[in-house]
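A short worksheet on the structure shown next.
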Amino acid sequence: MNKNACGFDILNNPKLNKGTAFTETERDLYKLRGLLPAGVSSQESQIKRVLANLAAKTSDIERYIFLFSLQGRNERLYYRVIMEHIQQLMPVIYTPTVGLACQQFGGIFRETRGFYITPKDRGKMRDILSNWPEKDIRMIVITDGQRILGLGDLGANGMGIPIGKLALYVAGAGIPPEQCLPVMLDVGTNNEALLNDPLYLGVKQPRLTGAEYFELVDEFVSTVQETFPKALIQFEDFLTPNAYALLNTYRDQVLCFNDDIQGTAAMVLSGIYASTRISGLNFSDLRIMFLGAGSAAAGMADLIHPALCEAGMDSDEAYARLWFVDHLGLVVNSRDELPEHIVNYARDEPAMAFLDAVKTFKPHILIGATGVGGTFSEDVLQVMASNNQHPAIFALSNPSSHAECTSEQAYNWTDGKAIFASGSPSPAVEYNGRTLQPGQGNNAYIFPGLGLGALACEASRVTEEMFLVAAKTLASMVDQQSLDQGTIYPPLKNIRAISLRIACAVAEKAYQQNLAQRERPADLEQTIADLMFDPVY
Ligand code: NAD
């Protein structure tokens with residue numbers, strides 16, 4: 001506790017505030033007498049009060065607003081509640097509720113949090129970044145709000161995403177909250193409804209594009225290197241072409257990654273590894289088909305490809321195991337236009353519809369990343385079941401209404417054979433007397449631990465090999481009981497243990513790759529564990 005702070009300075013500081021949990025001695029010491037009701041609570045009883053308040057709310061958006069303001073009042077209480085109830089509260093502080101919160105951002109805005117950059121700040125980035133009160137920033141999540149979840153261009157309203165993601169870094173991996181910086185690159189919006197909304201709080205102009213856009217990002221990235229030289233920059237929810245352009249520009253220059261592309265990929269690869277523990281198939285024998293050929297699917301394939309090579313295949317053989325299908329059908333070389341990120345996956349085959357592609361190439365694994373609900377039809381899943389003892393079905397699009405199929409459909413249409421994972425939480429299904437429990441393909445399994453590992457060893461870059469090892473580590477943490485229920489991800493409530501294990505593996509990889517700038521401690525695991533923020537008072 002800062003010895004100079006007292007009275008309302010403490011109560012109004014979310015990092016210092018314990019509210020009614022200040023002890024009698026502390027109340028004397030910090031001049032809090034008279035400023036609090038007489039009753040002294042423990043943190044545990046405060047948690048009960050928070051949970052009772054949450055239960056009394058009638059909608060998740062109200063729960064989101066309540067937790068958001070708790071974070072602004074009492075950080076340790078907020079994080080302890082989140083950590084101890086992560087499974088229940090992740091859908092409130094992150095997807096799907098965060099999507100709603102972003103859509104309503106202008107209306108529910110109460111207090112500022114995070115850092116806003118606009119085109120007017122061009123040339124002044126160093127000055128304005130020095131306005132941020134914390135000087136040892138290590139983890140930055142930045143978005144320009146153009147592709148928020150599956151919701152499209154939400155402009156400055158997308159700020160909810162970096163805020164939510166960083167809350168998961170803290171809760172999931174113990175990155176200290178004062179080292180986190182949420183950033184909104186507010187370059188305008190092309191969303192007419194927002195431009196015409198009097199409550200919209202962002203820059204009211206069409207989006208900055210082209211060279212001016214990339215120069216603004218570049219000024220930000222280079223200023224971060226000077227101002228916060230140990231910071232990891234996570235790019236989040238950029239439109240696909242910009243997401244790739246930024247990742248390809250900066251991945252070999254600075255410590256950064258794109259979670260939509262790389263984090264999702266590692267989470268899916270982990271699910272694929274774990275699925276082979278149920279299906280009994282060899283990873284190197286798998287045929288994998290993607291529905292949706294955007295940044296998410298291409299990112300997955302770009303990581304599965306080296307994983308197949310690592311399993312002993314040459315590059316061409318590995319590409320030949322991966323098929324892409326989008327709204328036009330199978331991605332083939334004869335198409336007039338092929339976006340650069342899927343060129344490697346286009347086939348020398350005749351054009352064909354999704355169902356025909358499934359019949360022809362007999363994939364063991366289907367991965368949906370279309371953003372379009374219901375695209376895994378009964379026909380498709382029946383063919384998967386007739387070709388496979390245990391077809392693995394990933395319906396990853398969020399929110400649930402956009403998922404390619406539901407858990408019920410996945411199990412019912414495959415005679416209960418499917419190994420199923422979805423992007424949003426899905427209910428368990430009773431099938432022929434068995435309880436089948438879908439896994440949640442949630443990026444939060446990977447990015448907190450990956451970030452922690454990179455920061456702990458002060459890695460200079462985030463590499464593909466780090467994502468590969470993160471995927472393997474996560475897959476190894478699925479226990480037999482989960483596999484028996486068809487679940488290919490470990491319980492989210494173990495997130496801190498999962499993140500620590502992934503962080504160790506990632507840091508170890510950084511040491512192997514000579515990318516760590518901090519001397520390797522004798523006990524890596526203990527050193528990383530000691531870095532993790534503990535929200536207990
Ligand atoms: P994107 O817009 O870049 O790509 C969407 C792709 O889907 C495009 O290739 C498009 O052609 C294709 N598509 C659209 N309609 C289709 C249809 N009817 N049939 C076949 N293909 C169709 O988006 P993205 O960034 O790649 O994300 C796609 C989805 O993946 C999002 O909805 C998102 O929710 C989901 N996602 C989930 C996670 C997760 O953790 N679960 C992570 C990242 C992305």
Side-chain angles (χ1 to χ4, degrees), residues 86 138-139 141 165-166 168-175 232-236 247 251 255-277 283 296 299-311 367 394 396 421 423 439-479 482 488-492 494-513 515-516 524-525 527-529 531-532:
I86 190 98
R138 302 293 179 102
M139 182 60 69
V141 178
K165 208 107 197 194
L166 283 163
L168 295 179
Y169 270 109
V170 178
I175 309 290
L232 165 51
I233 301 174
Q234 186 199 302
F235 295 106
E236 182 74 25
L247 183 61
R251 71 201 309 171
L255 183 66
C256 72
F257 71 97
N258 178 304
D259 190 54
D260 306 302
I261 300 174
Q262 298 167 288
T264 304
M267 171 276 288
V268 169
L269 177 60
S270 168
I272 293 173
Y273 282 136
S275 76
T276 61
R277 294 171 61 195
F283 176 71
M300 295 168 208
D302 288 348
L303 192 67
I304 295 168
H305 178 267
L308 288 168
C309 294
E310 193 188 65
I367 300 175
F394 292 78
L396 294 177
Q440 192 197 348
N442 192 322
N443 296 25
Y445 281 118
I446 297 284
F447 69 79
L450 186 118
L452 177 65
L455 293 181
C457 67
E458 297 184 9
S460 56
R461 300 286 178 274
V462 178
T463 61
E464 184 173 270
E465 290 78 5
M466 294 176 189
F467 285 100
L468 286 173
V469 79
K472 273 194 194 142
T473 306
L474 177 61
S476 74
M477 294 189 78
V478 187
D479 62 20
S482 301
I488 49 175
Y489 293 99
L492 216 41
N494 300 344
I495 184 80
R496 280 247 166 159
I498 294 166
S499 296
L500 178 57
R501 193 83 78 81
I502 290 177
C504 291
V506 166
E508 206 65 83
K509 185 54 75 181
Y511 284 108
Q512 279 169 21
Q513 296 187 295
L515 293 172
L524 185 62
E525 182 169 341
T527 304
I528 297 180
L531 292 173
M532 293 168 82

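From a predicted model like this one, the values you see are computed outputs, not experimental measurements.
Judged by distance alone, with hydrogens and angles left aside, the side-chain atoms of Q440 form a donor-acceptor pair with the main-chain N or O of G423 at under 3.5 Å. The backbone N or O of D259 sits less than 3.5 Å from a side-chain atom of T264, completing a donor-acceptor pair. S270 contributes no side-chain N or O that, together with a main-chain N or O of A266, makes up a donor-acceptor pair within less than 3.5 Å. Of the possible polar contacts, one joining the R277 side chain to the A475 backbone as a donor-acceptor pair under 3.5 Å is found.
Heavy-atom neighbours of Q513 CD from other residues, nucleotides or ligands within 6.0 Å: above the threshold of 12.
Residue pairs satisfying the salt bridge (Lys or Arg N to Asp or Glu O under 4.0 Å) criterion with at least one member in residues 458-472, sequence neighbours excluded, are listed as follows: K230-E458, E310-K472. Identified under the salt bridge (Lys or Arg N to Asp or Glu O under 4.0 Å) test for residues 495-512, with sequence neighbours left out: E508-R520.
Residues that satisfy the side-chain contact (heavy atoms from CB on, under 4.5 Å) test with A296, not counting sequence neighbours, are M300, A369. For A301, the side-chain contact (heavy atoms from CB on, under 4.5 Å) partners at least two apart in sequence or on another chain are F290, L322, F324, Y345. Remark: T276 pairs with no residue by the side chain to side chain donor-acceptor pair (under 3.5 Å) rule, at least two apart or across chains. For Y445, the ring-ring contact (aromatic ring centres under 6.0 Å, His included) criterion is met by Y489, not counting sequence neighbours.
Closest of all the heavy-atom pairs between L450 and I502 is N-CG2, 3.8 Å. The two residues L531 and A456 make their nearest non-hydrogen contact at CD1-CB, 3.7 Å. Between N443 and P448, the closest heavy-atom pair is O-CD, 4.3 Å. Across M466 and A459, no two heavy atoms sit closer than the pair CE-CB, 4.4 Å. Residue P490 comes nearest to V478 through the heavy atom pair CD-CG2, 3.8 Å, listed as atom of the first residue, atom of the second, then distance. Across all non-hydrogen atoms, the minimal contact from D302 to P306 is O-CD, 2.9 Å.
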Inset, instruction - Evaluate the criterion side-chain contact (heavy atoms from CB on, under 4.5 Å) for residue pair Y273 and I488; output intermediate values, then yes/no. - result: CA-CA 9 Å; Y273 282 136; I488 49 175; over 6 Å; no
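Here the CG atom belonging to L468 is positioned 8.5 Å from the OG1 atom belonging to T463, to the nearest 0.5 angstrom. Taking CE of M267 as the reference point, atom CG of N442 lies at 7.0 Å (rounded to 0.5 Å). Separation of atoms CZ (F394) and CD1 (I272) is listed at 5.0 Å; rounding is to 0.5 Å. Rounding to the nearest 0.5 Å places CG of L500 at 9.0 Å from CG of L524. The CG atom of L452 sits 6.0 Å away from the CD1 atom of I528 when rounded to the nearest 0.5 Å.
With contacts defined as side-chain heavy-atom distances shorter than 4.5 Å, the pair L232/R138 does not qualify. Between Q262 and L303, every side-chain heavy-atom pair lies at or beyond the 4.5 Å cut-off. Looking at heavy atoms from C-beta onward, I261 lies out of side-chain contact with F235 at the 4.5 angstrom threshold. Residues F283 and L308 form a side-chain contact, since some pair of their non-hydrogen atoms from C-beta on lies under 4.5 Å apart.
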